[in-house]
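In each ligand, atom 1 is the first atom listed, and ligand 1 is the first ligand listed. Nothing fancy with the numbering, it's 1 onward along the sequence.
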Amino acid sequence: HSPLPFFSMLRKLLRYLQPYRRNVILNIICNVFMALFTIVSIPAIIPFLQILFDIEAPVIQKPDLYWSAVSIIEYSKYWFSNLMHTESKEIALAYICIFIVLLFLLKNVFRYLSLFFMAPVRNGIVRDVRQQLFNKMMALPLSYFSEEKKGDLMSRITTDVMEIEWSILNVLEAFFREPLIMFGCLGLMIYLSPALTMFVFVLIIFTAIIIGGIGKTLKKKSSTVQEKLGSLVSIVEEGLSGLRIIKGFNAEKYQEEKFQKENNDYKRTLTHLLWRRDLSSPLTEFLGIAVVSILLWYGSRQVFSGELGAESFFAFLMAFYYVIDPAKSFSKAYYNFQKGAAAVDRVDHILNAEETIKEKKNALSIKKFNHSIEYRDVNFFYRKDEKKILNNINLIIPKGKIIALVGASGAGKSTLADLLPRFYDVSSGEVIIDGRNIKELKIKDLRHLMGIVSQEAILFNDTIYNNIVFGLKNISKEQVIEATKIANAHDFILNTENGYETNIGDRGNKLSGGQRQRITIARAVLKNPPILILDEATSALDSESEKLVQQSLTQLMKNRTSIVIAHRLSTIQHADEIIVMQDGTIIERGRHEILLGQKGAYQKLVELQTF
Ligand code: ADP
């Protein structure tokens, strides 16, 4: 995806500011005042030097005071020369010193205030973007995440968002504060000496061109740096979640090397980035001093020839300093803007990702499941250019029945089940509930009809109670206990440290596999859905806990319609129909006894398991 052009990027950054208009405006106002006091403090030095060097002030006539920079300077000149005439030198100097201190006090009060108003904006933006990203991640279809690296997504939600914050802040300062100071000082400089001002332009144009060149490559580089960080976080994420296996297979070295490679890559790219970025400020300074030297030489000549007062020249130099400073900030802002732009690109890549599983505009509501589920001529592939995973599937599941899917792993059983809650959409054909294509239905309603228990018990780092209630509303403790009793979980829960309030650790790793599974079953019981999808729910368990889990599953399946994916065929002998799948096709179907009698693929599977 190509980087956005400057202005659309700027618009995008400013869009984040929308909700914080009030604070941004306050910030700008404070910045304006800060700029004002910065500019005013410069000519204040002139009378000081005049007294120090014993130069007679030229303004004797009281000028009219009106609201323009020139008038104010003229007036202050008059005021100070008047002061020198009427008071002693020391007192005049003291006045000026107090005046300067006051100016800088005001300047810095406003500087602080501008930052004060900005703090909630910065953090607010970070919060907003993160929330948007997280919401989007929740909304995106599962297929999106099989294409993207988890760690990369994680680094986008952390570092890229911070990158955006930085660049917005810098852009704000660069656009509202620095120009004010810059143009104010420029005006002052032109007033003091137009000829000298010419040199300043040379510097600005010079640096702008050179810095612009570096900035361009910086954005590209910064993009790669963030990508590398993403890969790095990915490996950490994988490493942590697979630690048990890594240790078991003595694969630490392998993982370490993998990490080391990425880590080195990251270091190298980042170093290149820093080399380039760090070039900017030495370069600016050097260019700056070069022009300052010319300025000193040229300006001093003007002073010698009497075209320019020494004190004015001094003020000019100060003003010039205040022009360089914002120019530096400008270049810094430009760099950060480029980096921020790369981050916005990466964040937008997620925010603009297509939600392929879409709900129709006027989707129908479905509150009850009445007669049947049907797969009609269903074909499916995960990616267009890859092989078909499901091939012309036709299947009717009447209400109240249990359908078992069996077959070698990779046959497409899970995929078939995933189509029902629309985790994926069919590539062709239809999935129909009670005579309606599921694409016509509200996704929330559709999923509300289903309870899913999968092979890997999906639990969250939270209390047992919250893991069971999990998003359901208006649930009483009694209902939860009732559900856990059905799921054979109540007793072991009471035996944990804090009972229902026990925190079960990351992914529930403080519990045994069977316990975890029974909690997910309790969760399904509590949800009380008419349709159940059991995806090899017992296959990961030892036979002791399998028995317990199987008992609770049988309880759960009572009076419901179930699709059961089973490895252990013993568990599905009583299914109403057994579907035998191979390479995405249904090759046999029927009841257990009948299929056994056919002496086909099913019988072979059963035989394999009895030995
Ligand atoms: P089963 O549940 O019968 O073991 P699956 O439905 O999980 O089979 O997988 C069927 C086929 O689909 C397999 O060949 C698998 O490699 C492929 N597959 C599963 N998930 C994905 C995915 N997210 N992206 C691409 N291919 C996938």
Side-chain angles (χ1 to χ4, degrees), residues 137-153 234 237-238 241-242 350 353-358 373 375 377-395 397 402-429 431 438 447 450-458 517 520 531-541 546 553 562-572 575 577-589 595 600-602 604-606 608-609:
M137 285 178 186
M138 292 295 104
L140 280 169
L142 292 174
S143 56
Y144 184 81
F145 300 97
S146 43
E147 307 291 326
E148 303 280 339
K149 282 191 229 151
K150 253 195 236 162
D152 187 43
L153 295 174
S234 271
E237 201 269 337
E238 272 179 7
S241 52
I350 299 180
E354 196 189 356
E355 289 171 35
T356 43
I357 309 283
K358 274 198 234 73
I373 299 166
Y375 285 72
D377 302 323
V378 168
N379 290 290
F380 180 80
F381 35 77
Y382 280 102
R383 271 173 293 274
K384 277 210 173 55
D385 43 348
E386 284 177 14
K387 71 168 174 113
K388 254 192 200 175
I389 303 293
L390 293 177
N391 208 346
N392 212 26
I393 302 288
N394 280 289
L395 181 63
I397 310 167
I402 298 173
I403 293 287
L405 302 175
V406 304
S409 91
K413 307 180 295 285
S414 307
T415 308
L416 185 65
D418 279 348
L419 295 180
L420 193 55
R422 286 191 76 189
F423 290 156
Y424 300 94
D425 271 342
V426 294
S427 305
S428 74
V431 180
I438 54 172
R447 291 182 184 161
M450 296 168 198
I452 299 168
V453 180
S454 56
Q455 177 172 7
E456 191 192 349
I458 309 286
Q517 200 55 286
T520 62
I531 301 169
L532 272 182
I533 298 171
L534 307 180
D535 190 346
E536 312 199 278
T538 59
S539 66
L541 304 177
E546 186 194 346
L553 281 176
S562 311
I563 298 178
V564 182
I565 299 172
H567 254 305
R568 306 216 179 154
L569 302 179
S570 55
T571 60
I572 46 119
E577 188 177 21
I578 295 170
I579 306 285
V580 186
M581 294 185 67
Q582 191 177 22
D583 292 336
T585 318
I586 298 177
I587 52 168
E588 280 174 24
R589 61 205 305 169
L595 286 179
Y602 181 71
K604 270 197 202 115
L605 283 171
V606 173
L608 271 175
Q609 292 206 345

CG of Leu605 to CG of Leu569, rounded to nearest 0.5 Å, is 6.0 Å

### Asn392 side chain reached by Asn379 side chain, heavy atoms, under 4.5 Å
yes

- Query: Does Glu588 reach the main-chain N or O of Leu595 with its side chain, forming a donor-acceptor pair under 3.5 Å?
  - Reply: no

Under 4.0 Å from ligand 1, residues with heavy atoms, in chain and number order, are Ser146, Tyr382, Arg383, Lys387, Ile389, Ala408, Ser409, Gly410, Ala411, Gly412, Lys413, Ser414, Thr415, Tyr424

Worksheet item: Side chains of Glu237 and Ser234: is there a donor and an acceptor less than 3.5 Å apart?
Response: no

Interatomic distance, CD1@Ile586 vs CG@Leu395, rounded to 0.5 Å, equals 5.5 Å

Correct closest heavy-atom pair for Val406 and Ala566 would be CG1-O, 4.0 Å

